Each structure stands twice: as C-alpha cells, then as structure tokens.
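Computed over heavy atoms, backbone and side chain alike; hydrogens, waters and symmetry mates excluded. In what follows, chains carry the letters A, B, and so on, assigned in the order in which the sequence lines appear, proteins first and then strands, with residues in each chain numbered from 1. Quantities reported herein were computed from a predicted structural model and do not represent experimental measurements.
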Amino acid sequence: MSVLLFADTTPEGKIKKNVLEAVCYGVAAAALMKTEAVAVAAGNASADALSALGRYGVKKVWQAEGEAFERFDGDVYTKALLAAAAKEDAELLVLPHNFHGRALAPLAAARLRAGLVSGAVALPLLEDGFVVKKGVFSGKAFAFVRIDSPKKVITVSPNAFPVKEAGEDTAAVMPLEVPVKAEDIRVRVTSAEQLSGAVPLTDASVIVSGGRGLKGPENWPLLEELAAALGAGLACSRPVAEAGWRPHHEHVGQTGLTVRPDLYMAVGISGAIQHLAGVNGSKCIVAINKDPDAPFFKAADYGIAGDAFEVLPRLTEAVKKYKS
Amino acid sequence: MKLLVCISKTPDTTARIAFTDNDTRFDESGIQFIINPYDEWYALVRALELKEQSGGELHILTVGGADTEPIIRKALALGGDEAIRINAESTDGFFIASQIAPVIREGGYDLVLTGKETIDYNGSALGGMIAALSDLPYISLATSLDVSEGTATLRRETEGGEEVCTVSLPAVVSCMKGMAEQRIPNMRGIMAARSKPLKVLEPVAADTLTTVVCYEQPAPKGAVKMIDPGNEEELVRLLHEEAKVI
Ligand SMILES: Cc1cc2nc3c(=O)[nH]c(=O)nc-3n(C[C@H](O)[C@H](O)[C@H](O)COP(=O)(O)OP(=O)(O)OC[C@H]3O[C@@H](n4cnc5c(N)ncnc54)[C@H](O)[C@@H]3O)c2cc1C
Ligand SMILES: Nc1ncnc2c1ncn2[C@@H]1O[C@H](COP(=O)(O)O)[C@@H](O)[C@H]1O
C-alpha cells in the first residue's frame with residue numbers, strides 16, 4: 001500500500017509551487033494513512049530536480065522517460081501513472097488541480113475504478129470512511145465527499161495547502177518502464193507556445209485585475225505598472241475580455257478562469273456574483289472602486305473608494321517605495 | 001457528422017446557495033435551474049456551428065430526473081435535433097460516466113462534447129471518464145475546435161501557454177471559453193423544440209464511488225477595512241504587516 005503523487009514537471013523540467021503543494025498534501029495524507037508517499041514523474045526532468053522531492057518527504061520517484069513522454073499526452077501519461085500505481089499498490093493517487101492534473105485524474109480514476117474528488121482543500125478525514133473537503137458551487141460552499149472505493153484519486157486545489165520542507169533527504173529516482181506503441185499516441189501536438197513575459201495567472205500569488213471601470217484598453221498601462229511593481233499577474237472581468245480590451249485568457253470568474261492567489265486586487269470591477277465565483281478563494285481581496293456601494297466591497301478585505309485613475313499611480317508609487 | 005453534447009442542470013449563477021436537513025441537502029426551493037454555462041455557451045453552440053457548416057446530426061444527452069426536461073427543451077430550441085435523458089440522479093462522476101459510455105458506444109458519435117466543469121459540483125471529470133470508459137482520445141479544456149475530413153484540430157490551454165493539436169475522430173472534448181459565443185433561442189426554435197424527440201432511458205447498473213456526506217457554508221467574511229484615497233501607503237503597510245500577502 002502507498003500514496004502515489006504525480007510530480008508534474010514543466011517543459012524545462014522544473015516543479016512548480018502548485019505541484020509541490022500537492023506533493024506535500026500527498027506526503028501528509030500518507031502519514032495519516034500510516035503508509036509511504038512515492039512519486040511518479042513523466043518527461044525528461046533531471047534526476048536532481050526529482051531527487052530534491054526528498055526534502056518534502058518523498059522517498060522514491062518513478063520516472064517514465066523517453067520520446068513518448070517529452071510532451072504531455074493524456075493517454076500516455078495515464079499509462080505511466082497506472083504503471084507506477086500497480087508497482088506501488090497505490091491506494092491513493094494525488095495530483096495537482098492544474099491543467100495536467102485535471103486531464104489525467106479522470107482518465108486514471110475511470111481506469112482504476114477509483115472514486116475521484118477534484119479540488120480538495122483539506123486533508124482527508126479518516127474517522128468515518130475517507131472524507132475529503134472540496135469547494136462546490138463555484139466557491140460559494142464546501143462539500144465533504146466520501147470516497148467509497150478501495151482505490152481513490154484526489155486533485156489538490158492550488159493555494160489551499162502549504163509547502164513544507166521536512167529535511168535534507170533526497171529521493172531515489174528509479175526508471176519506470178512504460179511500453180508505448182505508436183498507436184497509443186492519438187493526439188498530435190502541432191504547435192505549442194508559452195505566453196511570454198506576463199506571470200501566468202494560475203501561478204501568480206498576486207493578481208491585479210481590471211474591469212469596465214478602467215474605461216478602455218488605452219488605460220491598461222496604469223494597471224500593468226502596478227502589476228510590474230508587485231510581480232503580479234494580470235486579469236480582467238468578462239465584459240473587458242468580450243470587448244476585446246484584453247485577451248480571453250485573462251478573463252476570470254464563473255465562466256473564465258478560477259484563481260486562488262494570496263492577493264487579488266480588483267480595480268473598477270463591480271463585483272458581480274459571477275465574477276466573485278472565480279476569485280473568492282483568494283486569501284486576501286482588495287477592491288478599488290469609485291462607487292462606495294459597489295458590491296465588491298462586501299467581498300473584500302480592504303477597500304479604497306476612489307477614482308482608479310488617481311488611486312492607481314499613487315498605489316504603484318507606494319508599492320515601489322515599500323519594495324525598495 | 002454525428003455530434004453528442006452532454007449537458008448538466010445547474011443552479012443559476014446568481015442563486016443563493018443554502019442547505020437543508022442538517023446541511024446534508026442542497027436547498028432547491030426558489031432556485032432557478034439553467035444549462036451549465038460551459039455546456040451551453042461553449043460545447044453546444046460550437047456543436048451547432050459545426051453542424052451548420054458541414055451538416056449532420058446533433059444529439060443532447062443528460063443524466064438526470066424529469067426536472068431536467070426544461071433545460072433539455074432549451075438545448076433543443078437552440079438547435080439540437082434529438083435528446084436522450086437517462087433517468088437517474090447522482091453526484092458521482094463515475095456513475096454518470098458509466099451511464100453515458102453505452103450511449104456513445106451504441107450511437108456511433110464522431111464527436112462528444114462536454115463543458116469544462118459543472119458550476120455546482122465542479123468535478124471537471126466527466127469528459128475524461130467517458131473517454132476512458134469508451135477508450136476514445138480526450139482533449140481537455142479546449143478553446144477552439146474545427147473539423148475537416150474526420151480530423152479535429154483543437155487549441156487547448158496548458159500551464160502558462162497554449163497548444164494546437166489534431167486528433168482523428170471519434171474523440172471526446174471538454175470545452176471552455178473561446179470556443180463560441182452564447183446564443184439566445186428564437187421563437188421558431190422554441191416552438192420546434194416541443195415536437196423534437198426526447199428519449200428517456202432507464203439507467204444501467206453501475207457503481208457509485210463517491211457520496212456527498214454534508215455541506216458547509218464558508219465562514220462569513222469580516223467587515224471590509226476601508227482606506228481613504230490618498231492613503232495608499234497605509235494599504236501597502238496593511239497588506240504587508242496585517243494580511244502578510246506581499
Ligand atoms: C451566466 C453568467 C456568467 C458570467 N460570468 C462572468 C465571469 O466569468 N467573469 C466576469 O467578470 N463576469 C461574468 N459575468 C458578467 C457579470 O455579471 C458582470 O456583468 C461583470 O462581471 C461586470 O464587469 P465589470 O465589473 O468590469 O463592469 P461593470 O459592472 O460595468 O462595473 C464597472 C465598475 O467600475 C466602477 N468604476 C467606474 N469608473 C471608475 C473609476 N474611474 N474608478 C474606479 N472604479 C470605477 C463602477 O463603479 C463599477 O462598479 C457573467 C454573467 C452571467 C449572466
Ligand atoms: N448529469 C450529467 N449529464 C450529462 N452530462 C453531464 C452531467 N454532469 C456533467 N456533465 C457533463 O460533464 C461536464 C463536466 O462535468 P463535471 O465533471 O461534473 O464537472 C459538464 O460540463 C457536462 O458537459
């Protein structure tokens with residue numbers, strides 16, 4: 001028996017924060033379940049990067065290497081997960097709730113006939129079965145979901161579980177043999193691009209977001225300067241993306257991206273319930289709006305009732321002063 | 001081309017969420033139900049566009065009780081040709097997927113579209129599960145989809161980037177923003193929908209692997225701390241010292 005963790009790596013072979021959070025979640029869950037945490041990685045991350053997972057309490061990492069694993073492929077990566085799960089007799093599989101984890105978890109769960117809880121926000125409770133807390137109704141509530149099957153799969157919500165180093169240990173990295181035939185690769189990737197420059201929203205611990213109150217795309221430099229000073233990612237409300245002021249991938253909310261940064265700053269956004277649904281998991285929310293009755297103030301921790309065009313430059317200055 | 005769009009019934013996005021029976025049941029009283037927005041705006045509308053371009057048949061599928069019929073009729077009003085309702089209620093993705101897989105097997109669909117996730121249980125799981133149970137390729141979180149001569153070309157989001165990929169049909173695709181724009185059904189569509197076929201099937205035996213034990217409301221938010229305009233330095237201090245987020 002064991003807990004198997006998916007150590008998702010970037011194309012450069014790095015391990016991101018939300019993946020480390022899931023790793024630490026898995027290690028802590030294994031401790032509760034009185035068993036060991038083992039990781040599986042696919043792709044060509046360096047042995048050093050993987051053995052460093054030992055610091056978080058992982059003893060062993062299975063690595064599926066080779067051409068078939070150079071790019072993410074749902075079917076092929078699932079094969080690697082299942083191969084490692086079989087070797088380790090895994091009872092629980094833990095993945096980050098990122099793009100890759102969300103693609104793999106249901107594929108692996110269905111093949112293992114394992115109950116799946118996606119977006120866990122707390123460790124499993126084991127007193128009465130195996131019960132996992134997750135956000136439901138787009139963050140407006142939580143559900144406690146019991147997994148009744150012998151095998152279980154969990155994806156861990158970003159920014160819900162702390163990364164904790166346990167010591168200086170290194171994990172043993174072992175090659176994982178996964179036979180892949182040409183016909184196993186059914187999805188062909190013809191081009192891939194990383195959005196350059198900006199901080200990806202799903203990684204950002206601080207997000208600065210603009211709404212229709214900013215009047216037009218020509219005013220975005222005000223927001224960009226604040227974002228640059230904070231090292232923040234940029235987001236926007238839906239009407240802003242629909243109007244083409246900003247690209248669609250910046251749209252957050254119920255029908256856009258869900259984000260859970262440490263700090264979410266909403267500027268000129270009214271705070272409609274559908275917008276809040278995508279951001280209400282943030283640890284701290286700041287609203288800046290010239291209307292003191294804007295609904296966003298009810299959901300915020302801090303607020304400034306003022307004109308964004310006056311507040312933003314002063315705030316950027318204040319952040320720069322604090323950072324220096 | 002034969003298209004299947006899986007739709008789910010969810011509370012309206014503005015619904016106030018409350019629970020009854022000691023927080024073990026979602027309180028449906030006074031709740032307006034809609035088609036899950038990802039299913040309607042992105043999966044269904046894109047399927048309609050593909051059908052308009054190259055012909056074919058578009059079927060709507062939901063696993064749910066009789067109370068899902070209004071959303072099924074709406075999907076038909078938007079342009080679906082026929083609908084299948086599998087008469088079962090469940091919050092378990094594996095159980096729902098086990099109901100849908102045989103329909104896919106028997107229906108001979110070229111494309112099966114789902115939404116990115118339901119806005120109530122937020123599983124983002126069903127597409128992958130039906131793909132695995134039907135042994136079809138799965139493209140998750142797609143932002144565009146085109147089909148030509150039995151091959152689909154898709155764009156999908158990746159961590160901090162984007163990818164273009166191709167896949168031979170049949171395939172399962174989960175759809176998110178970018179895919180299409182919302183449509184409003186017109187009167188003719190609404191009238192036509194009344195007489196379109198809606199088949200009700202009884203569920204097949206399948207395991208339920210997860211159960212919701214109870215719900216919890218988030219802790220009420222403390223009152224907002226207002227800072228006067230002009231005092232931005234104070235905000236920065238609070239974010240650093242009090243909230244500890246910068
Ligand atoms: C099913 C459904 C799903 C939806 N999904 C989403 C979603 O995912 N994301 C989303 O964002 N929306 C979504 N919406 C839309 C949502 O209901 C709101 O219409 C939208 O969020 C409003 O955007 P906004 O706050 O930018 O614009 P507005 O509502 O126009 O608000 C602009 C705000 O700026 C303030 N303002 C104006 N001038 C200034 C100034 N000079 N300085 C400071 N403040 C100023 C105003 O007081 C106002 O509060 C959805 C709607 C529906 C029905
Ligand atoms: N009961 C259901 N019947 C048909 N399709 C569903 C059902 N539940 C979910 N789906 C589809 O699966 C997608 C993902 O749902 P979920 O995995 O529950 O987040 C939804 O966007 C729908 O397209």
Side-chain angles (χ1 to χ4, degrees), chain A residues 74 98-99 102-103 106-107 110-111 115-119 131 135-138 140-149 186-195 200 203 206 230 248 251 254-256 262-263 273-274 283-284 297 299-306 310-311 314-315 318-319 322, chain B residues 13-14 17 37-38 41 93-94 97 119-129 131-133 137-141 157-168 177-178 207 209-218 221 224-227 229-230 232-233 235-236 238-240 243 245-246:
Chain A
N98 62 9
F99 286 91
R102 274 153 69 157
L107 294 175
R111 297 209 188 261
L116 166 65
V117 174
S118 47
V131 176
V136 287
F137 298 101
S138 309
K140 290 181 218 165
F142 298 100
F144 290 84
V145 183
R146 193 181 63 230
I147 307 183
D148 294 313
S149 49
R186 301 185 285 187
V187 181
R188 308 244 153 233
V189 176
T190 53
S191 76
E193 55 187 292
Q194 290 299 110
L195 299 171
D203 296 347
V206 178
L230 283 164
H248 273 291
H251 154 199
Q254 186 124 50
T255 45
D262 291 334
L263 172 60
I273 192 158
Q274 298 94 352
K283 295 224 168 92
C284 176
F297 289 124
D301 300 282
Y302 301 99
I304 297 183
E310 291 164 17
V311 172
R314 286 196 301 252
L315 184 55
V319 170
Y322 149 75
Chain B
T13 52
T14 57
I17 303 303
Y38 292 104
W41 301 5
F94 184 81
I119 62 168
D120 47 8
Y121 292 97
N122 302 102
S124 73
L126 207 90
M129 286 187 177
L133 295 179
Y138 174 49
I139 295 90
S140 54
L141 307 173
E157 289 204 356
T158 57
E159 296 295 316
E162 231 186 24
E163 214 167 68
V164 178
C165 58
T166 61
V167 64
S168 295
K177 74 198 145 76
D207 289 335
L209 306 181
T210 61
T211 314
V212 176
V213 185
C214 64
Y215 296 94
E216 186 183 281
Q217 297 277 7
K221 203 118 198 155
V224 58
K225 238 187 216 169
M226 295 304 285
I227 291 113
E232 287 75 14
E233 285 186 14
L235 174 62
V236 173
L238 287 168
L239 291 177
H240 177 61
V245 288
I246 61 171

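Taking each heavy atom of A:Gly303 and B:Val224 in turn, the nearest pair found is N-CG2, 3.7 Å. The two atoms that bring A:Ser138 and B:Asn122 nearest to each other are N-OD1, 3.1 Å, heavy atoms only. Summarising the geometry of A:Ile304 relative to B:Glu232, their closest heavy-atom pair is CD1-CG, 4.2 Å, with the distance given to 0.1 Å. Between A:Ala110 and B:Ala132, the shortest heavy-atom distance links the atoms CB-CB, 3.7 Å.
Note on A:Gly135, A:Gly256, A:Gly119: by heavy-atom pairs under 4.5 Å with chain B, the leading option is A:Gly256. The choice from B:Ser124, B:Cys214, B:Ala97 that makes the most heavy-atom pairs within less than 4.5 Å of chain A is B:Cys214. Options A:Val319, A:Asp203, A:Ile273 differ in how many heavy-atom pairs under 4.5 Å they form with chain B, and the most are formed by A:Ile273. Between chain B and the residues A:Gly306, A:Ala300, A:Gly74, the largest count of heavy-atom pairs under 4.5 Å involves A:Ala300. Highest contact tally toward chain B, considering only A:Leu315, A:Leu230, A:Thr255, is held by A:Thr255 [criterion: heavy-atom pairs under 4.5 Å]. The most heavy-atom pairs under 4.5 Å with chain B, out of A:Lys140, A:Arg188, A:His248, A:Arg111, come from A:Arg188. With respect to chain A, the highest number of heavy-atom pairs below 4.5 Å among B:Ala125, B:Gly161, B:Pro137, B:Gly127 belongs to B:Pro137. Ranking B:Val167, B:Thr14, B:Thr158, B:Thr13 against chain A, the residue ahead of the rest is B:Thr13, based on heavy-atom pairs under 4.5 Å. Taking chain A as the reference chain and counting heavy-atom pairs below 4.5 Å, the highest number among B:Glu163, B:Glu216, B:Met129 is found for B:Glu216. Contact count against chain B (heavy-atom pairs under 4.5 Å) is highest for A:Phe137 among A:Tyr322, A:Phe144, A:Phe137. Note: B:Thr211 leads B:Leu141, B:Thr211, B:Ile139, B:Val245 in heavy-atom pairs under 4.5 Å with chain A.
Both the backbone and the side chain of B:Val212 come within less than 4.5 Å of a heavy atom of chain A. Contact of B:Ile227 with chain A is made through backbone and side chain together, with heavy-atom distances under 4.5 Å. For B:Ala243, the parts lying near chain A are the backbone and the side chain together; criterion is any non-hydrogen pair under 4.5 Å. Of the atoms belonging to B:Leu126, not a single heavy atom falls under 4.5 Å from chain A. In this structure, chain B has a heavy atom under 4.5 Å from the side chain of A:Val206, while its backbone stays farther away. The contact between B:Pro37 and chain A is made entirely by side chain atoms (from C-beta outward), counting heavy-atom distances below 4.5 Å. Looking at B:Phe94, the atoms closer than 4.5 Å to chain A (heavy atoms on both sides) all sit in the side chain, from C-beta outward. If you measure heavy-atom distances from A:Gln254 to chain B, the contacts under 4.5 Å come from both the backbone and the side chain. For chain A, the nearby part of B:Leu235 is the side chain; its heavy atoms alone come within less than 4.5 Å. Both the backbone and the side chain of B:Ile246 come within less than 4.5 Å of a heavy atom in chain A.
Between the side chain of B:Asp120 and the backbone N or O of A:Val136 there is no donor-acceptor pair closer than 3.5 Å. For the pair B:Thr210 (side chain) and A:Leu116 (backbone), a donor-acceptor distance under 3.5 Å is absent.
Summarising the geometry, atom CD belonging to B:Gln217 is positioned 10.0 Å from atom CZ belonging to A:Phe142; distances are rounded to the nearest 0.5 Å. Here the CG atom belonging to A:Asp262 is positioned 11.0 Å from the CG atom belonging to B:Leu239, to the nearest 0.5 angstrom.
Between A:Asp301 and B:Lys221 there is a side-chain heavy-atom pair separated by less than 4.5 Å.
Partners of B:Glu157 by side chain to side chain donor-acceptor pair (under 3.5 Å), not counting sequence neighbours: none found.
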